[in-house]
Amino acid sequence: MTRQIVFDTETTGTSVFDDRIVEIACVELQDLVPTGVTFQRYINPLRDIPAEVIAVHGLTASFLKDFPVFGHASIVDEFLEFVGDAKLVAHNSEFDRGFLNAELSRLNREIWQKDRFIDTLEMARKMFPGAPASLNALCKRFSVNTDERVKHGALIDCQLLAAVYLELSGGREQKLALFDDRIVSAEEAARAATRKPRPTPLPSLVSAEEFAAHTAFIAEMGDKAIWKKYETPAEAAE
C-alpha cells in the first residue's frame, strides 16, 4: 500500500523571510483514500498578523499567543514523526515547502527537497490547460462539497484537497467501496458482482414446434453455420 500525506499550512503572510506558519495540518492517505487519521496544530508565530490575512483564515495573534511555537516538540517533532517517509501532497506546494523549510532552517533541521512533494496545482494545469486551477475551482469541477469551508483552514483544506487529489489521480475509476466499505480494486469488485448460476435452470419458453422449426432452418445452412457454435449439448443431441 502507498502512504501519502495531504499537507497544508496557514501563515501570517507570503514572505518566507518575514512571515511564519500559524497552522499546519495533514490528512493521511493509503492508496489515494483518506484513512481518517489526521494531524493538526495551531502555532504561535511570535508576531502580529495583518488584518487582510486574518480575513482569509480567521486566526489572530491573540488567539495564537497561548499555543506553542513551531520549534516545540509537540509541533515539529510530532509533525515529522507523523509524516515519516511519505510523500506530501500540496496545492501550490512550493509555497508550503518554502515556509516549512524556513521553519526547519531556523531550527537547524534538514530541509525538504522538491521531489518530496506532489503538487496538485501542477497536476490540474496539465490536465485542464487554461482553466482555473484554484482549490475552489477544482472542488466545483469535481463536485466536492465546500459548505464547511467558511474560511481557509489548514485541516479543512487538506480534506478538500484529498478529495480533489483522488479525482486528479483517476481515483473513482480505480477504487470501489463494497458492502463493508472495504476498498478493493475494480477487478475484485467485478468478480464479486458476478452472478452465480441458478441451482435449477429456468424452463425454456420455446415450444417444441418452434424448436423443431429452428433446428430445421439451421440444418439448411450447413455445418459451417455460426449457430452451430452456440448449440448446447442437449440441442446437439436432438
Side-chain angles (χ1 to χ4, degrees), residues 3-16 18-29 34-84 86-104 106-107 109 111-112 116-121 123-124 133-139 144-166 168:
R3 181 176 186 263
Q4 296 173 324
I5 302 296
V6 178
F7 169 70
D8 190 43
T9 62
E10 298 297 337
T11 67
T12 62
T14 58
S15 171
V16 295
D18 301 321
D19 290 302
R20 306 296 293 270
I21 295 176
V22 295
E23 185 185 8
I24 191 168
C26 303
V27 168
E28 182 185 62
L29 306 180
T35 64
V37 178
T38 63
F39 176 94
Q40 187 268 345
R41 298 287 188 275
Y42 290 118
I43 301 167
N44 183 351
L46 298 176
R47 55 150 293 167
D48 64 326
I49 304 176
E52 62 270 21
V53 178
I54 295 174
V56 174
H57 55 53
L59 299 176
T60 65
S62 60
F63 170 76
L64 295 167
K65 65 181 177 63
D66 295 325
F67 287 95
V69 296
F70 185 88
H72 193 275
S74 65
I75 296 178
V76 63
D77 290 343
E78 291 183 13
F79 165 72
L80 294 175
E81 182 180 357
F82 180 87
V83 173
K87 282 203 170 187
L88 278 78
V89 179
H91 201 67
N92 189 16
S93 64
E94 284 301 279
F95 178 90
D96 298 292
R97 186 173 78 93
F99 272 91
L100 178 60
N101 281 343
E103 297 286 2
L104 292 173
R106 294 184 185 105
L107 301 172
R109 301 286 190 106
I111 64 172
W112 291 19
R116 185 73 188 271
F117 288 78
I118 298 170
D119 194 338
T120 51
L121 180 60
M123 291 176 68
S134 67
L135 182 56
N136 274 342
L138 293 173
C139 286
V144 175
N145 191 320
T146 60
D147 289 348
E148 295 184 12
R149 194 194 196 205
V150 179
K151 289 184 179 291
H152 286 264
L155 185 56
I156 184 63
D157 282 2
C158 281
Q159 292 166 338
L160 294 174
L161 185 58
V164 166
Y165 178 56
L166 178 66
L168 289 172

Visitor: Can you tell me if Arg47 uses its side chain to pair, donor with acceptor, with the backbone of Asp18 under 3.5 Å?
Guide: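 Flag set: sc Arg47 to bb Asp18 pair under 3.5 Å.
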
Visitor: Is the closest side-chain heavy-atom distance between Asn44 and His72 below 4.5 Å?
Guide: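 No - every pair of side-chain heavy atoms lies 4.5 Å or more apart.
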
Visitor: Less than 4.5 Å apart, side chain to side chain, heavy atoms only: is that true for Ile118 and Met123?
Guide: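 In short, these two side chains touch, coming nearer than 4.5 Å.
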
Visitor: Which heavy atom of Val27 sits nearest to which heavy atom of Pro34, and what is that distance?
Guide: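 Closest pair (atom of Val27, atom of Pro34, distance): CG1-CB, 4.3 Å.
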
Visitor: Is there a side-chain contact between Val83 and Trp112 in this structure, where contact means two heavy atoms from C-beta onward sitting under 4.5 Å apart?
Guide: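 Yes, close enough: below the 4.5 Å cut-off.
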
Visitor: Find the distance between CG (Leu104) and CZ (Arg97) and round it off to the nearest 0.5 Å.
Guide: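 The distance works out to 11.5 Å.
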
Visitor: Looking only at side-chain N and O atoms, does Thr11 offer a donor or acceptor that is under 3.5 Å from a partner on Thr9?
Guide: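 Not at all, the side chains of Thr9 and Thr11 share no donor-acceptor pair under 3.5 Å.
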
Visitor: To the nearest 0.5 Å, what is the distance between CD (Glu28) and CZ (Phe82)?
Guide: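 Interatomic distance, Glu28 CD to Phe82 CZ, rounded to 0.5 Å: 5.5 Å.
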
Visitor: Taking the side chain as every heavy atom from C-beta outward, state whether Leu100 and Phe70 have any pair of such atoms under 4.5 Å apart.
Guide: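 Of all side-chain heavy-atom pairs linking Phe70 with Leu100, at least one is under 4.5 Å.
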
Visitor: Applying side chain to side chain contact (heavy atoms under 4.5 Å, CB included) to Arg3 and Thr35, what does each step give before you reach the verdict?
Guide: CA-CA 10 Å; Arg3 181 176 186 263; Thr35 64; over 6 Å; no

Visitor: Distance from Asn92 atom CG to Ser134 atom OG, nearest 0.5 Å?
Guide: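 Going from CG on Asn92 over to OG on Ser134, the span is 11.5 Å.
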
Visitor: Check Pro68 against Ile75 and note the closest heavy-atom contact, atom names and distance.
Guide: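 Taking every non-hydrogen atom into account, O-CD1, 3.5 Å.
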
Visitor: Which residue in the set Thr12, Ile43, Ile49 passes side-chain contact (heavy atoms from CB on, under 4.5 Å) when paired with Leu64?
Guide: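 Between Leu64 and the candidates, side-chain contact (heavy atoms from CB on, under 4.5 Å) is satisfied uniquely by Ile49.
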
Visitor: Report yes if some heavy atom in the side chain of Asp8 is under 4.5 Å from a heavy atom in the side chain of Leu161; otherwise report no.
Guide: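 Asp8 does not reach Leu161 side chain to side chain.
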
Visitor: Report, as yes or no, whether the 6.0 Å neighbourhood of atom CD on Glu81 holds more than 12 heavy atoms from other residues, nucleotides or ligands.
Guide: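 It does not: Glu81 CD has 12 such atoms or fewer within range.
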
Visitor: According to salt bridge (Lys or Arg N to Asp or Glu O under 4.0 Å), who are the partners of Asp119, at least two apart in sequence or on a separate chain?
Guide: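 For Asp119, no residue satisfies salt bridge (Lys or Arg N to Asp or Glu O under 4.0 Å) once neighbours in sequence are set aside.
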
Visitor: In Å, rounded to the nearest 0.5 Å, how long is the span from CD1 of Ile54 to CG of Leu59?
Guide: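 These two atoms lie 8.5 Å from each other.
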
Visitor: Restricting to ring-ring contact (aromatic ring centres under 6.0 Å, His included), what partner residues turn up for Phe95, sequence neighbours left out?
Guide: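 Applying ring-ring contact (aromatic ring centres under 6.0 Å, His included) to Phe95 gives Phe99.
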
Visitor: Please walk me through it: do Asp77 and Arg109 pass side chain to side chain contact (heavy atoms under 4.5 Å, CB included)?
Guide: CA-CA 11 Å; Asp77 290 343; Arg109 301 286 190 106; 2.8 Å; yes

Visitor: Grab the two heavy atoms, one from Ala133 and one from Leu138, that are nearest each other, plus how far apart they are.
Guide: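 Shortest heavy-atom separation between Ala133 and Leu138 comes out as O-CD1, 3.7 Å.
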
Visitor: Taking atom CZ of Arg41 and atom SG of Cys26, what is their separation to the nearest 0.5 Å?
Guide: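 Between Arg41 CZ and Cys26 SG, I get 9.5 Å after rounding to 0.5 Å.
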
Visitor: Distance check, rounded to the nearest 0.5 Å: His91 atom NE2 versus Asn136 atom CG?
Guide: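 Reported value, rounded in 0.5 Å steps: 9.0 Å.
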
Visitor: Do Val89 and Thr120 have side-chain heavy atoms sitting under 4.5 Å apart?
Guide: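 Yes, side chains in contact.
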
Visitor: Testing the basics here: between Gly71 and Leu107, what is the closest heavy-atom pair and its distance to 0.1 Å?
Guide: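 Where Gly71 meets Leu107 most closely, the heavy atoms are CA-CD1, 3.6 Å.
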
